[in-house]
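Comments concern the structure below.
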Number of protein chains: 2
Amino acid sequence: MDALTIHEAASTTGWSARMLRYVERAGLIEPRRSAAGYRLYGPEELQRLRTLRELLDQNDVSLTEVGFALRLRRDEELSAALEGWFEEEPARPVDVPAADWLLWEQDKHEKLLAAATLHATQMMETR
Amino acid sequence: MDALTIHEAASTTGWSARMLRYVERAGLIEPRRSAAGYRLYGPEELQRLRTLRELLDQNDVSLTEVGFALRLRRDEELSAALEGWFEEEPARPVDVPAADWLLWEQDKHEKLLAAATLHATQMMETR
DNA sequence: CGAACCTTACCACGATCGTGTCAAGGTTTG
DNA sequence: CAAACCTTGACACGATCGTGGTAAGGTTCG
């Protein structure tokens with residue numbers, strides 16, 4: 001057999017066996033398994049483990065953040081939603097006159113009401 | 001004055017004042033300040049606060065994750081590093097004597113290789 | 001067979017996240 | 001001036017993260 005078991009992979013990459021399982025659970029590096037369920041790390045996985053360490057050390061990024069980036073990369077819907085939010089129009093809605101806006105400075109009730117209508121119109125706009 | 005103070009903004013958006021400061025510290029929404037340093041939330045910020053809440057609720061994402069996505073978006077170097085890691089060649093180095101590797105468990109290896117190539121082509125297709 | 005591996009599933013524990021609250025002090029306004 | 005805001009900073013606290021350990025049980029190999 002030619003692939004490394006978890007402890008062997010750990011000692012050659014500098015990770016702990018515990019962390020290798022953690023990395024796997026984060027979806028970052030998933031080694032194949034032997035018939036009995038043993039994790040088998042091939043050269044590809046070892047390479048990725050080493051570069052993953054570099055990535056973390058050099059870019060001040062955490063394991064879970066890398067995991068999230070991976071999720072972003074795979075979940076197109078999610079990344080589109082985020083992208084949409086980041087690019088949300090900073091322009092104030094023009095068809096909602098400032099009157100509503102000013103009016104709403106009175107007391108809490110009116111404030112809430114105005115906010116509700118504003119919210120509604122904004123939602124209609126974004127649809 | 002055309003903007004809301006923090007507690008007003010809180011009650012119209014459903015966030016707490018505490019969380020508004022938290023959101024600001026996460027770099028997500030930074031309202032302008034009055035001369036005395038009071039946070040002033042305009043309609044634009046209120047809009048973003050509401051859509052931020054929707055974003056979190058509908059996409060099972062955390063505030064810090066959105067913050068990280070923003071960081072990714074701004075830090076081109078970081079996102080390039082991550083991108084590089086994700087696309088790291090799954091192909092084994094050819095100049096390293098492949099003998100060991102190739103000998104070693106051919107059936108599985110071929111499966112792996114096939115999967116890797118498939119993955120690569122898929123990725124190329126989506127670009 | 002027995003030693004030395006591997007597996008999953010827990011307990012532990014400091015660090016950070018998400019959130020509230022409180023304190024000490026400046027600002028606005030009736 | 002005093003009430004009612006705002007500010008930053010701190011303490012608190014359950015939940016999760018990052019990491020180590022241990023226990024109970026299956027696998028591999030000399």
Side-chain angles (χ1 to χ4, degrees), chain A residues 1-42 45-46 49 52-57 59-72 104-108 111, chain B residues 1-42 45-46 49 52-72 104-105 108:
Chain A
M1 119 178 46
D2 209 1
L4 303 188
T5 61
I6 194 169
H7 281 101
E8 294 168 334
S11 58
T12 55
T13 60
W15 293 91
S16 67
R18 179 67 166 84
M19 286 311 292
L20 257 36
R21 298 198 184 94
Y22 192 75
V23 166
E24 180 178 355
R25 196 148 41 88
L28 266 34
I29 292 170
E30 304 173 345
R32 68 177 200 278
R33 300 298 188 104
S34 76
Y38 285 20
R39 289 172 180 82
L40 296 177
Y41 292 84
E45 281 81 22
L46 297 179
L49 282 171
L52 176 58
R53 173 167 291 294
E54 282 176 29
L55 186 69
L56 298 187
D57 289 352
N59 295 84
D60 187 36
V61 83
S62 76
L63 211 53
T64 33
E65 283 171 333
V66 178
F68 178 68
L70 182 58
R71 180 186 166 199
L72 264 188
W104 131 59
E105 188 55 49
Q106 302 286 30
D107 80 349
K108 302 264 161 123
K111 215 182 286 179
Chain B
M1 118 173 51
D2 196 9
L4 302 189
T5 62
I6 193 168
H7 281 101
E8 293 168 334
S11 57
T12 55
T13 61
W15 294 91
S16 67
R18 179 63 165 85
M19 286 311 292
L20 257 37
R21 298 196 184 96
Y22 192 74
V23 165
E24 180 177 357
R25 194 148 41 87
L28 266 34
I29 292 169
E30 304 172 347
R32 69 175 200 276
R33 301 297 189 103
S34 75
Y38 285 21
R39 290 172 180 80
L40 296 177
Y41 291 85
E45 281 81 22
L46 298 180
L49 282 171
L52 176 58
R53 172 167 293 292
E54 282 176 28
L55 185 70
L56 298 187
D57 289 350
Q58 294 172 7
N59 294 82
D60 188 37
V61 189
S62 74
L63 211 53
T64 35
E65 283 171 333
V66 178
F68 178 69
L70 183 57
R71 180 185 163 200
L72 264 187
W104 149 48
E105 244 192 299
K108 305 223 168 168

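Reminder, nothing fancy here: chain letters follow the sequence lines and each chain counts from 1. Treat the numbers as computed from the prediction; the structure is a model and nothing was measured. When reading the values below, keep in mind they use all heavy atoms of this one structure, side chains included, and skip hydrogens, waters and symmetry mates.
Regarding contacts with the backbone of dG18(C), a side-chain N or O of Thr64(B) is found under 4.0 angstrom from either OP1 or OP2. Using a 4.0 Å cut-off, some side-chain N or O of Tyr22(B) falls inside it from OP1 or OP2 of dG18(C). Residue Arg33(A) has a polar side-chain atom (N or O) positioned under 4.0 Å from OP1 or OP2 of dT8(C). For the pair Arg39(B) and dT7(D), the criterion of a side-chain N or O lying under 4.0 Å from OP1 or OP2 is met. When the side-chain nitrogen and oxygen atoms of Ser34(B) are compared with OP1 and OP2 of dC6(D), none of them lie within a distance under 4.0 Å. In this structure, Thr5(B) reaches the dC6(D) phosphate: one of its side-chain N or O atoms is under 4.0 Å from OP1 or OP2.
What separates CD1 of Ile6(A) from C1' of dT7(C) is a distance of 9 Å, to the nearest Å. Phe68(A) has its CZ atom 19 Å from the C1' atom of dG18(D), to the nearest Å. Protein atom CG of Leu63(A) is 16 Å distant from nucleotide atom P of dT16(C), rounded to whole Å. Here dC17(C) presents its P atom at 12 Å from CD of Glu65(B), a figure rounded to the nearest Å. For the pair Leu20(A) CG and dT19(D) P, the interatomic distance rounds to 12 Å; values are reported in whole Å. Met19(A) has its CE atom 6 Å from the C1' atom of dG18(D), to the nearest Å. For the pair Glu24(A) CD and dT19(D) C1', the computed distance is 17 Å after rounding to whole Å. Taking atom CG of residue Asp60(A) and atom C1' of nucleotide dT16(C), one finds them 14 Å apart after rounding to whole Å.
A distance of 12.5 Å separates CZ in Arg71(B) from OG1 in Thr64(B), rounded to the nearest 0.5 Å. A distance of 11.5 Å separates CG in Leu28(A) from CG in Leu20(A), rounded to the nearest 0.5 Å.
Closest-nucleotide positions on DNA chain D for Ala17(A) and Gly37(B) were compared, and the one nearer the 5' end corresponds to Gly37(B). Comparing Arg18(B) and Arg25(A), the nucleotide of DNA chain D nearest to each residue sits closer to the 5' end for Arg18(B).
Nucleic acid contact class of Ser62(B) (heavy atoms, under 4.0 Å, all strands): sugar-phosphate only.
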| task | For side chain to side chain contact (heavy atoms under 4.5 Å, CB included), just list the numbers for Leu52(B) and Trp15(B), CA-CA rounded to whole Å, side-chain angles, deciding distance to a tenth of an Å, and then say yes or no. | result | CA-CA 10 Å; Leu52(B) 176 58; Trp15(B) 294 91; 3.9 Å; yes
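Leu55(B) is not listed as a side-chain neighbour of Val61(B), based on a closest heavy-atom distance of 4.5 Å or more. Contact annotation: the side chain of Arg39(A) never approaches that of Glu45(A) to less than 4.5 Å [non-hydrogen atoms, C-beta and beyond].
Nearest to the side chain of Ser16(B), among dT28(D), dT7(D), dG20(C), sits dG20(C).
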